[in-house]
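Quick notes on the structure that follows.
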Amino acid sequence: MMSLPLYVQGAWFLGAALFIFGLKGMSSPASARKGIVIAGYGMLLAIAGTFLIPGLQNIALIALALALGGSAAWISGKKVKMTDMPQMVAIYNGMGGGAAAGIAAIEFAKGDALSLATTILAMVGALIGAVSFTGSCVAWAKLQGVLKKAHRLPAQNAVNVILALVAIGLGGAMVFMAPAKPELILAFFAVSLLLGIIVTLPIGGADMPVVISLFNAFTGLAVGFEGYVLGNPALIIAGIVVGAAGTLLTQLMAKAMNRPISNILFTPMVASGPGEAIEGTMKELSALDAAAMMRYASKVIIVPGYGMAVAHAQHKVWEMTSILEEAGVEVKFAIHPVAGRMPGHMNVLLAEAGVPYDKIFDLEEINGEFGQADVALIIGANDVVNPSARTDKASPIYGMPILNADMAQNVIVIKRGKGTGYSGVENALFYTDNCRMLYGDAQPMAGEIIQHLKAMG
Amino acid sequence: MDGLLALYIFMLAAFTGYEIIAKVPVILHTPLMSGSNFIHGVVVVGAMIMLGSADTVIQQVIGFFAVALGAANAAGGYVVTERMLAMFKKKEDA
C-alpha cells in the first residue's frame, strides 16, 4: 500500500467509524434517521479526504463525474414515489456494483504486478460487481414494468452454469496470465455482464425483492474485495459489513417466503398441481355492512398487501382507522414479511400515510391475536393469508408462514376481482364461512366505508 | 496490504454486519437495505483513487464512469433512505 498522509488515512478511518455508528442507529425506528445522517457525514468525510491524496491526477474529471452522478441520483431519489422504491434501490445498488467492476477493470488495464491473492480478489470482485450491475438493471426494468415477461431460455439452468464457468475460466486465465491482454480482459467483463442479465431475466416479480437484496450483498462484497486490492480498509469494512448484513437480510426474506435462495435462482414458481379442491363459495358483502361490522367490533386487524399500495389507498385506510379508533375500536396493522415488493416495504408505505409504527405489527407479534379479533380486514393481500400454506401439501406455497387471518371471527376481503394472487394459487380463505368479499378498487372502497362510518357517527 | 491483517478485518467486519442486522425489526428492513446500499456507495472513494491515477484515455473513461456510478450509488442511496426514515413516527409525534 502506498503510504498516505495521516489526514487522508484519518478521514477514511473516521468515515468507516461513522458508517458503523450510522448502521447501528438504523437498527431502531427511533434513532434510524439520525443513523443515516451520521453515515452521510462519514461519506462526505471519506470523499473529502480522498481529494487530499498528494499527487492525485485528473481532479477536474473526478469532480465532474462526482457532480454528474451525484446530482442525477439526488434528483431522481427526491422524486421517486414510495411504491417505486424497490426498483430505485435496485438501480442505485447496481451502479455501486458497476463502480466496483470499473475499479477492477482499471487495475487489470494497468497491468501492475500484484500478488496472487490480490489479483484473485480483484477478479472475483469484478465478476460479482459486474453481475450485480447488469442484474440490478434487469431487476429495475422488471419492477418498473419496462420488461413485462419473465424470459426463460430453454435449458436456462445449464446456460447459467456454463456462462458462470466461462466467466470464472476467463477470470482464472486473467489471473495466471498476468499482465492480461486487453482482449482477455474485455471478454471477461463481457461474459460477466451478460451473466448478470441471463441469470436475472427468468426470475419472476414475486421473487425480485430477494434478488435485489442478494445483489445488494454482492455489491457489498465486490466493494470489500476491491478495497483489499486498493489497500483501503474503509472500503473493506464498509463493503464486508454490507455484504454480511445483506446476506443475512436475503436469508431472512427467503425464509419468510419459504423459498430457498437456490430455488429462486434456479426454478420458476409453478403450481405443482391443482392442489386440494376448495369447497364452498365466495360470498359478497356491501360496503355498508363492512362499515357496520367494523364499527361495532371491539378489535379489528387490518392486513394490507401490495394491492392496497397500487391503489394508493393507504391514506384512506388510515383515515378509516382513525374514525374507528375514535369510536373506541382497537385497530392494529398486521404486516407479512414479504408484503409489498421488498421486506418492510409495506411499513414504509403505511408510514408515508402517517400510520404510527407502534400500530404496525409483524407476523410473529400478531398471529396469536387473530383469535381475539372480531374482524380481519384484508386489503389487496392474497397469498400471505392463504390457509392452504398451513394445510395443503400439494400447494406451491405450502410451508410459507402466513398471517392467520382466517382465525378471526369475521374476515372481510377487499379485492379487485376474483383472480388469484401473485403465485397464481387459489385462496381457500375466500371460500370459508366467516369470509365476505368486497369487490372493488381499494381506494374508492375505503372511501365508501368512511362515508358509511361517518353517517353512523 | 498485509494479507493476514486484511483477513482479520474481513472477519470482524462480517461479524459486525451480521450482528447489526440480526437485531433489526422487520419494519426497518427496506430502509436498512437502502441504507446499507448507501454505505457501499463508499466505492466512489476507490473509483476516485483509480481515476486519480489513470494514465491512458481508456482508463480515464472507465474511471470517469466508475466515479459517476459510485457517486450515484452514494447520493441516491442517501436520499431515498433519508426520505423513508423521515416518515417513521411514533403516535405521540405524529
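Letters A, B, ... mirror the listed sequences (proteins, then strands); counts begin at 1. Please read these numbers as outputs of a predicted model, since none were measured by experiment.
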Practice task
Tell me, for Met85(A) versus chain B, whether the close heavy atoms (under 4.5 Å) come from the side chain, the backbone, both or neither.
Solution key: side chain
Handout entry: Heavy-atom side-chain contact between Leu85(B) and Lys34(A) under 4.5 Å
Key = no
Handout entry: Nearest-0.5 Å distance that lies between atom CG in Leu68(A) and atom CZ in Phe65(B)
Key = 10.0 Å
Handout entry: Which atom of Met50(B) lies closest to which atom of Leu230(A), heavy atoms considered
Key = SD-CD2, 3.3 Å
May I have the list of side-chain donor-acceptor pairs in residues 68-79 of chain B shorter than 3.5 Å, sequence neighbours left out?
unit_1	atom_1	unit_2	atom_2	d
Asn73(B)	OD1	His40(B)	ND1	3.0
Asn73(B)	ND2	Tyr92(A)	O	3.4
Asn73(B)	ND2	Asn37(B)	O	3.1
Asn73(B)	ND2	Asn37(B)	OD1	3.3

Practice task
Find the one option among Gly35(B), Ser34(B), Gly63(B), Gly46(B) whose heavy-atom pairs under 4.5 Å with chain A are most numerous.
Solution key: Gly46(B)
Exercise for the section: Tell me, for Ile335(A) versus chain B, whether the close heavy atoms (under 4.5 Å) come from the side chain, the backbone, both or neither. Expected result: neither
Exercise for the section: Give the member of Lys78(A), Glu226(A), His345(A) that has the highest number of heavy-atom pairs under 4.5 Å with chain B. Expected result: Lys78(A)
Practice task
Heavy atoms only, distances under 4.5 angstrom: which of Ala16(A), Gly40(A), Ser71(A), Gly246(A) has the most pairs with chain B? Name it, please.
Solution key: Gly40(A)
Completion exercise
One should read off an interatomic distance between Ile236(A) CD1 and Tyr8(B) OH, to the nearest 0.5 angstrom, of 15.0 Å
Handout entry: Options Glu352(A), Met88(A), Glu364(A), ranked by heavy-atom pairs under 4.5 Å with chain B, top entry
Key = Glu352(A)
Handout entry: Working for side chain to side chain contact (heavy atoms under 4.5 Å, CB included), residues Phe88(B) and Asn347(A)
Key = CA-CA 9 Å; Phe88(B) 281 99; Asn347(A) 305 84; 4.2 Å; yes
Completion exercise
Max heavy-atom pairs within cutoff under 4.5 Å with chain A, candidates Val45(B), Val67(B), Ile62(B), Ile20(B), goes to Val45(B)
Exercise for the section: Drop me the distance from Tyr357(A)'s OH to Leu28(B)'s CG, to the nearest 0.5 angstrom. Expected result: 8.5 Å
Practice task
Report yes if some heavy atom in the side chain of Met84(B) is under 4.5 Å from a heavy atom in the side chain of Ile36(A); otherwise report no.
Solution key: no
Handout entry: Minimum side-chain heavy-atom gap Tyr228(A)-Ile9(B) below 4.5 Å
Key = no
Exercise for the section: Counting only heavy atoms closer than 4.5 Å, note whether Ser213(A) contacts chain B via side chain, backbone, both or neither. Expected result: both
Exercise for the section: Nearest 0.5 Å please: distance from the CG atom of Leu249(A) over to the OH atom of Tyr18(B). Expected result: 12.0 Å
Practice task
Might you work through the side chain to side chain contact (heavy atoms under 4.5 Å, CB included) test for Leu66(A) and Met48(B), ending with a clear yes or no?
Solution key: CA-CA 9 Å; Leu66(A) 278 178; Met48(B) 286 168 71; 4.2 Å; yes
Exercise for the section: May I ask you to check whether Ser36(B) and Asn216(A) show a side-chain donor-acceptor distance below 3.5 Å? Expected result: yes
Exercise for the section: Check whether Ala72(A) gets within reach of chain B through its side chain, its backbone, both or neither, counting any heavy atom under 4.5 Å. Expected result: neither
Problem - Best-contacting candidate, Ala22(B), Ser53(B), Pro31(B), against chain A by heavy atom pairs under 4.5 angstrom - result: Ser53(B)
Practice task
Please examine the side chains of Ile39(B) and Val241(A), heavy atoms only from C-beta on, and report whether any two atoms are closer than 4.5 Å.
Solution key: no
Handout entry: Close side-chain approach of Asn58(A) to Phe64(B), heavy-atom, < 4.5 Å
Key = no
Practice task
Mind ranking Asp362(A), Ile75(A), Ile212(A) by heavy-atom pairs under 4.5 Å with chain B and telling me who comes out on top?
Solution key: Asp362(A)
Problem - Minimum side-chain heavy-atom gap Ile53(A)-Ile49(B) below 4.5 Å - result: yes
Completion exercise
Most contact-rich option vs chain B, by heavy-atom pairs under 4.5 angstrom, among Ala351(A), Gly97(A), Gly102(A), Ala244(A), is Ala351(A)
